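A short write-up of the structure that comes next.
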Amino acid sequence: MSISTSVLSDLLQSLPYLRPQLYFKASLTALSHAMEDQVLAATLDKPLIIASFQRERFYRQEAHRYQRLAQRSNQIYVLSAPETDFANSSEYYEKVAFEPDDALSQEWHLVVIADNYATCLVCRESLGSIAKNQQVPDWLPSLDMDTGRRFEGIWTSERGVSIKAAQLLLDRIAVYRPNLAGKVEKARQRFGIGDSKAYVSNVISEYACDIDTDPFVQRLVTYLQASQYKLHKAYRSIAAQARKERLVNSISTAIRRSLDPHQVLQIAAQELGQHLGASRCLIYRAQASDAQAAIEHEFLMPGVVSIAGQTWELNSNPLFQEVVDHGEGVCVSDTLNDSRVTNSVTLSSIIKKFAVRSWLIEPVLFQGRLLGIVELHYCSLPPHQWQQGELDLVEAIATHIGSALIQAEAYANLEELNKQLEALDRTRSNLIAITGHELRTPLSTIQVCLESLATEPDMPLELQQVMLNTALADSERMRKLVQDFLTLSNLESGRVEWHPESLSLQECVDLSLSRIRTRPTVEKPPQITADIPENLPLVRADGDWLVEVLAKLVDNSCKFTPTQGQIHISADYNSDRMVVEVTVTDTGRGIEPNRLEIVFDRFYQEEGALRRTAGGTGLGLAICRQIVNGWGGKIWAESSGKDQGSQFHFTIPIVQGSQEEKKPKVKKVGNRK
């Protein structure tokens, strides 16, 4: 069997008043999630849901959502072209496997029909997008290709259109799974699908008239589409830059494998000389005041005279002196026609003896201090014409060599350095993953809300308010994310000015709980209580930052503690260490013993950056550690394991002499909701 007709074409032919629009893949994803979330938010309605995925791999990304949707309705149909194990089945919902040559393989469908609402999304991938994806270069990142996918189609909440789209898809389902005829017929009868020509006709006559859209809305739509094109162009620019950086990274990786300075320099000379096709590449240690330098590390092309082991005169070398004076590299395209070379006896002797025709000298610097020199020699004709990209690359490699030399001097333990580099790689990967998830998701939602407001002038006022509230909420989510990044950056870079003062811990606890309770939340938080001893001495810390630590620790416990759980704040005075130890205890999911240390690392997420059920960036505990370290305290976590709850402890220095003061009786603070 082979079905070549397009659902979108059939829909436009049946309802000629419809006008298809251009959508990007990110917009369709956000629209689909919004339609699915509308079903999940309902309590009584059991709608008809038909979802068609182009390929099984796209379905697998959303399978978990449809398992949740199956709890809301028994009329769910999921269509996809098989790639591995997708087949006709009825486990959670009805799976319908269509043939790869079916026109459905080029379309994206989602139809939801309930008693009191209906929405549908019927789109076809544009031919230009498909051809472009098939011919994309190997070096182009997958993100660029994915966001560049464009679709043309219809998204509407008009019931008549949704019913017609459902009819077309149910007809297709009946072809592939005739055994579902009885179940499909029940859906048709319940929602009047196929037998409601009069109703659909009325809907068509009502909406067939042209609507004079406000010019501002037209400009807004144009701006949103232009922004998508600019984003697509930016991804291409990033991809081009990535090609240049890949070469730098390959040499940097080789450099990071060893802390032996000799090995580091030899690897760099070999890699740089090979990649740039130089006749000779020299790297040697030198300082600004040195008169001579020994050539120890060299790369040679076959047939080129070696310089390794010889002594290089520096004080009589005008090119070296120019590098020292200006702190930047010097390049000579043709040594036979450059006055700096021809007027120097030393340089004239060098080019004659070693046949140097084109010459580059790049300083290896670290924080302005000269550590060494990188030289590239080209000995063949014609003279080498230096390109700006080559100069930038050599400068980047020289910078990496400088960092490697400083690291080699600072760290004698190779294993310890490798651990730090691995941690840096994990941080970079987590940063990319988290920002991609935490920023792209709200951006997509905001865009969808604006597109909806722009393209649906007849949208009810209540739904318009929902769209605005959603966009504002996601904007606030992005603001908090950026604020956490800035806070941690300032703390780690030492740009924070501390203002220590004598504080009552009870007041700080009350302020932190007040902040948490006034924060809008979707779910009711667990019960939070505080038990602070009456004779606790005053502590010395920055009040704003102490409240921040308490609030973030309690907020972290709220994320991983069920609503019926408990969170308790307690404190104890340690007279031996002259500190107050504060403990935040919860009855949540707990922490495995081997993760008690790394929970304070930047971007740490217990469930992984893209698979977590609790939101956030994994920066909260890292910020707490930086703040506590700032006042000279310690912070740590304890837990008996999974589902055994957690305890977070941190210490605060006390105000000398305040341990004898008496405080009010113990206050117990709990939820007042």
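This is a predicted model, so every value here is computed, not measured. Only heavy atoms go into these numbers, but all of them, side chains included; no hydrogens, no water, no symmetry mates.
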Handout entry: N/O donor-acceptor pair under 3.5 Å between T651 side chain and V580 backbone
Key = no
| Are any non-hydrogen side-chain atoms of V628 and W636 less than 4.5 angstrom apart? | no
Checklist entry - Between R577 and K634, is any pair of side-chain heavy atoms under 4.5 Å apart? => result yes
Next item on the list: Would you check if there is a donor-acceptor pair between the side chains of E638 and S646 at a distance under 3.5 Å?
Entry: no
Interatomic distance, CG@L265 vs CD@E298, rounded to 0.5 Å, equals 13.5 Å
Value for CG (L272) from CD1 (I267), rounded to nearest 0.5 Å, stands at 13.0 Å
Residues passing the salt bridge (Lys or Arg N to Asp or Glu O under 4.0 Å) test with R57, sequence neighbours excluded, are E83
Q.
Distance alone, cut at 3.5 Å: any donor-acceptor contact between the side chains of Q292 and W312?
A. no
- Query: So does N490 have more than 12 non-hydrogen atoms from other groups sitting under 6.0 Å from CG?
  - Reply: yes
Rounding to 0.5 Å, atoms CH2 (W359) and CG (D334) come to a distance of 13.0 Å
Distance-only polar pair, side chains of E125 and Q54, donor-acceptor under 3.5 Å: yes
Q.
Check whether N343 reaches the backbone of S339 with its side chain - one donor and one acceptor, N or O, closer than 3.5 Å.
A. yes
Residues passing the side-chain contact (heavy atoms from CB on, under 4.5 Å) test with L486, sequence neighbours excluded, are V482
Distance col, row L391:CG vs Q387:CD, nearest 0.5 angstrom, shows 8.5 Å
- Indicate yes or no: does R285 engage E296 in a salt bridge with an N to O separation below 4.0 Å. no
### Task
Before accepting this row, confirm whether a basic side-chain N of the pair R540/E501 lies closer than 4.0 Å to the acidic partner's carboxylate O.
no
**Item:** Ring-face cation contact, F58 with R149, 6.0 Å cut, 45° max
**Value:** yes
Will you find, in the side chains of Q270 and H297, an N or O donor that is under 3.5 Å from an N or O acceptor? no
dist I627:CD1 -> L550:CG (nearest 0.5 Å) comes out at 10.0 Å
The reported gap from CZ in R280 to SG in C379 (rounded to nearest 0.5 angstrom) is 4.5 Å
Q | Validation row: F299, L282 side chains within 4.5 angstrom (heavy atoms) | A | no
Is the closest side-chain donor-acceptor distance between N317 and Q321 under 3.5 Å? no
Classify the side-chain pair E375/Y284 by whether it contains a donor and acceptor separated by less than 3.5 Å. yes
